[in-house]
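Below, read A as the first sequence line, B as the second, and so on, with proteins coming before strands; counting in each chain starts at 1.
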There are 2 protein chains.
Amino acid sequence: MAKRVTLAEVAARAGVSPITVSRALRRPDTVQPETRSRIDAAVADLGYVPDPAARALATGRSDVIGVLIPSATNAVFTDVLSGIYDRLGESRFDVQYGITRYDPSTEENLLGVFLRQRPAGLIVAGIDQTPAARRLLDRAGCPLVQVMETGPDPVDMMVGFSHHDAAAAATRHLIARGYRRPGFLGARMDPRTQRRFAGFRAEAEAAGLYDADRAETTDQPSSVGRGAALLRALLTRRPDTDAVFCNNDDLAMGALFEAMRMGVPVPGALGICGFNDLEMMRAAEPPITSVRTNRFEMGARAAEMIRARLDARDPGPALVDLGAEVQARRSTDGPARHPSAGQ
Amino acid sequence: MAKRVTLAEVAARAGVSPITVSRALRRPDTVQPETRSRIDAAVADLGYVPDPAARALATGRSDVIGVLIPSATNAVFTDVLSGIYDRLGESRFDVQYGITRYDPSTEENLLGVFLRQRPAGLIVAGIDQTPAARRLLDRAGCPLVQVMETGPDPVDMMVGFSHHDAAAAATRHLIARGYRRPGFLGARMDPRTQRRFAGFRAEAEAAGLYDADRAETTDQPSSVGRGAALLRALLTRRPDTDAVFCNNDDLAMGALFEAMRMGVPVPGALGICGFNDLEMMRAAEPPITSVRTNRFEMGARAAEMIRARLDARDPGPALVDLGAEVQARRSTDGPARHPSAGQ
DNA sequence: TTGTATGCGTTATCAA
DNA sequence: TTGATAACGCATACAA
């Protein structure tokens with residue numbers, strides 16, 4: 001266990017006082033060039049690295065940037081993490097993650113864990129914090145970005161898109177392609193999912209095509225297998241359903257496989273649309289239509305906004321809407337002219 | 001910004017000295033029950049929470065458990081994270097992640113970042129650290145677990161499995177099912193992947209069925225699309241290949257889709273085996289054979305071993321081999337008796 | 001069982 | 001431009 005090199009030792013070697021070394025490191029322009037070079041040499045010789053705990057104690061601030069997401073296994077969030085990491089990996093900041101498991105009280109706890117470290121910044125997924133969590137955030141005293149979603153009443157900054165509108169766009173796409181009996185497949189049914197469902201419903205109702213009986217949902221986590229099960233349940237109950245908008249891509253992939261198993265031609269007898277546009281959607285056979293959400297970019301922008309604020313630069317607009325675009329692919333090419341030909 | 005409540009204030013309210021409060025919190029059995037209850041009340045009244053920085057400075061130890069993984073988007077690692085989180089989420093420890101991007105020098109840097117925080121424990125993926133990183137690890141001065149893989153010469157503790165042997169088992173399975181011209185699909189080709197390839201090769205050679213020309217690999221990251229491309233390249237070059245062992249499940253999924261596109265029946269004309277057994281393999285059509293690796297369990301065990309050591313409990317064996325099992329599914333049911341029937 | 005003195009490595013404040 | 005002093009909040013070592 002190597003003994004730690006301290007500021008005092010560097011100072012002794014450079015023939016200055018500790019505080020001067022401290023200054024030379026943090027604001028080089030405030031010390032004479034020649035003393036600075038002596039100090040730099042001493043730092044290099046001794047291999048000095050600052051102690052983050054001591055710094056945090058003295059300043060009342062850490063270099064931790066806390067990130068709160070619901071799941072570490074859902075590709076949706078890991079892509080956001082990649083974006084964050086891309087902009088923060090090389091910086092002086094340490095990124096620390098917390099996983100809420102979609103559980104509001106876990107989120108409150110983790111917020112507490114982060115806050116007591118006096119983080120330099122905070123990135124939290126979503127806009128559905130509990131009132132208690134909201135109060136904590138309001139008093140966080142550091143730059144804060146809510147990601148994944150846009151909405152009213154941001155705590156501080158926000159970067160995301162409207163899940164409602166994105167789902168509505170996907171539904172419009174299905175209808176435009178000629179599907180007339182669209183259904184909805186949903187798992188987990190957390191608030192974001194609910195808003196997507198609302199977008200689907202609003203659009204279908206506007207077209208006079210909404211049928212509550214074609215919504216097949218579960219509170220269970222989503223998975224490919226779950227998508228298969230949901231589709232089978234839906235088609236068993238309502239065999240004439242001619243398209244499904246899926247809550248996410250896992251469900252869509254499962255729906256595709258189940259359609260294969262059931263001998264239901266896609267897209268001729270059933271159109272399938274996913275959400276998030278994971279890489280596999282493009283590679284599937286048939287390729288699956290999905291809604292592209294700019295997840296990496298969301299993380300990257302959030303990280304940049306925080307850095308800008310910490311460096312006292314202009315972070316730009318406090319609310320950034322990155323939008324979402326329907327990526328039309330073969331799985332929603334439209335119903336076959338002669339439905340029976342599909343068999 | 002709420003002013004921080006300190007130990008001293010709690011002490012004043014409880015009518016004891018700060019150190020007694022400190023003790024009451026950390027080792028309740030060392031203080032009189034009645035003073036303890038007074039202290040507990042004061043803590044609750046004031047909403048006291050310890051300052052991690054101050055504690056770290058005083059003890060020369062933080063409560064951070066550092067986790068180093070190559071990628072945050074690869075499901076293989078996120079499952080390990082889930083396991084770690086499962087055992088550490090409720091504890092007093094803060095998990096902090098670092099992403100190496102499969103880059104050894106990034107790994108060294110991150111190790112430095114962690115080490116200067118004097119972490120309580122460290123979990124690192126793999127056994128392929130650079131000599132410099134290895135030296136850092138040797139001097140980490142905290143419990144350390146290498147996960148994902150077993151191998152000789154552990155730094156401290158280790159929990160994983162033999163990628164070579166797991167790949168060999170998968171290859172044996174293909175051969176046992178009757179495939180005689182097996183190929184290999186590989187992406188990224190990092191050291192772990194190389195060892196899987198070596199396992200495939202060793203087993204194929206042992207059966208006299210190895211053909212170097214049936215290995216289709218790329219240094220690019222793996223993806224479903226990449227799997228499709230690799231299969232097409234392989235079948236174009238060597239159309240008589242009758243099975244593929246894929247480096248991972250993404251590639252296997254892509255291979256399945258590409259086989260569909262090419263009109264190659266699976267498993268009759270082509271057997272497909274993946275690696276990791278992600279959930280989607282079971283849900284595919286046909287369901288895809290894969291090698292189950294116990295990723296969640298690896299993370300969970302690693303976390304437990306570290307906690308045991310920190311609590312001065314017996315962590316059990318320093319080297320844990322969790323094995324890996326072939327999950328046989330329809331995609332490797334064996335070649336069709338009459339190959340032409342497959343068309 | 002509880003308390004006193006002291007130190008952890010850094011930075012803020014004020015003075016020189 | 002540089003330095004002396006005093007925190008920051010907690011825990012260790014030792015004493016009572």
(request) Return the value, rounded to whole Å, for the distance between atom CZ of A/Arg116 and atom P of D/dC10. (result) 11 Å
Distance-only donor-acceptor pairs under 3.5 Å for side chains of residues 76-85 of chain A, two or more places apart:
| from | atom 1 | to | atom 2 | distance (Å) |
| --- | --- | --- | --- | --- |
| A/Thr78 | OG1 | A/Ala75 | O | 3.1 |
| A/Asp79 | OD2 | A/Arg295 | NE | 3.0 |
| A/Asp79 | OD2 | A/Arg295 | NH2 | 3.0 |
| A/Ser82 | OG | A/Thr78 | O | 3.3 |
| A/Tyr85 | OH | B/Ile99 | N | 3.4 |

(message) My understanding is that only residues two or more places apart in sequence, or in another chain, count here; which of them pass salt bridge (Lys or Arg N to Asp or Glu O under 4.0 Å) with B/Arg26?
(response) none
(request) Please name all residues satisfying side chain to side chain donor-acceptor pair (under 3.5 Å) with A/Gln129, sequence neighbours left out, ordered by chain then number. (result) A/Gln146
(message) Generate the contact string for nucleotides 10-16 of chain C. Rules: B means base contact, S means sugar-phosphate contact only, - means no protein heavy atom under 4.0 Å.
(response) BBB----
(message) So, using salt bridge (Lys or Arg N to Asp or Glu O under 4.0 Å) as the criterion, who are the partners of B/Asp153 when residues are at least two apart?
(response) B/Arg134
(request) Whole angstrom is fine here: how far is it from CG in B/Leu25 over to C1' in D/dG9? (result) 13 Å
Could you list the donor-acceptor pairs under 3.5 angstrom formed by side chains in residues 106-113 of chain A, with sequence neighbours left out?
| from | atom 1 | to | atom 2 | distance (Å) |
| --- | --- | --- | --- | --- |
| A/Thr106 | OG1 | A/Asp103 | OD2 | 2.5 |
| A/Glu108 | OE2 | A/Thr130 | OG1 | 2.7 |

(request) Round to the nearest Å and state the distance from A/Arg61 atom CZ to D/dC8 atom P. (result) 17 Å
(message) Going by salt bridge (Lys or Arg N to Asp or Glu O under 4.0 Å), name the residues that satisfy it together with B/Arg92, two or more places apart in sequence or in a different chain.
(response) B/Asp63
(message) Check A/Asp51 with B/Arg118, please: is the shortest side-chain N to carboxylate O separation under 4.0 Å?
(response) no
(request) Check salt bridge (Lys or Arg N to Asp or Glu O under 4.0 Å) between B/Asp314 and all other residues, then give those that pass, not counting sequence neighbours. (result) none
(request) Find the bend of the helix from C/dT1-D/dA16 to C/dA16-D/dT1 as the angle between its two terminal axes (five pairs each), to the nearest 10°. (result) 30°
(message) Contact list please: residues 27-40 of chain B against DNA chain D, heavy atoms, distance less than 4.0 Å, in numerical order.
(response) none
(request) Could you tell me which residues satisfy ring-ring contact (aromatic ring centres under 6.0 Å, His included) with A/Phe161, sequence neighbours excluded, listed by chain and number? (result) A/His163
Less than 3.5 Å apart, which donor and acceptor atoms pair up between the side chains of residues 37-44 of chain B and the rest of the protein, not counting sequence neighbours?
| from | atom 1 | to | atom 2 | distance (Å) |
| --- | --- | --- | --- | --- |
| B/Ser37 | OG | B/Glu34 | O | 2.8 |
| B/Arg38 | NE | B/Ala14 | O | 2.9 |
| B/Arg38 | NH2 | B/Ala14 | O | 3.2 |

(request) Write down the distance between CD (B/Glu9) and P (D/dC8), rounded to a whole number of angstrom. (result) 10 Å
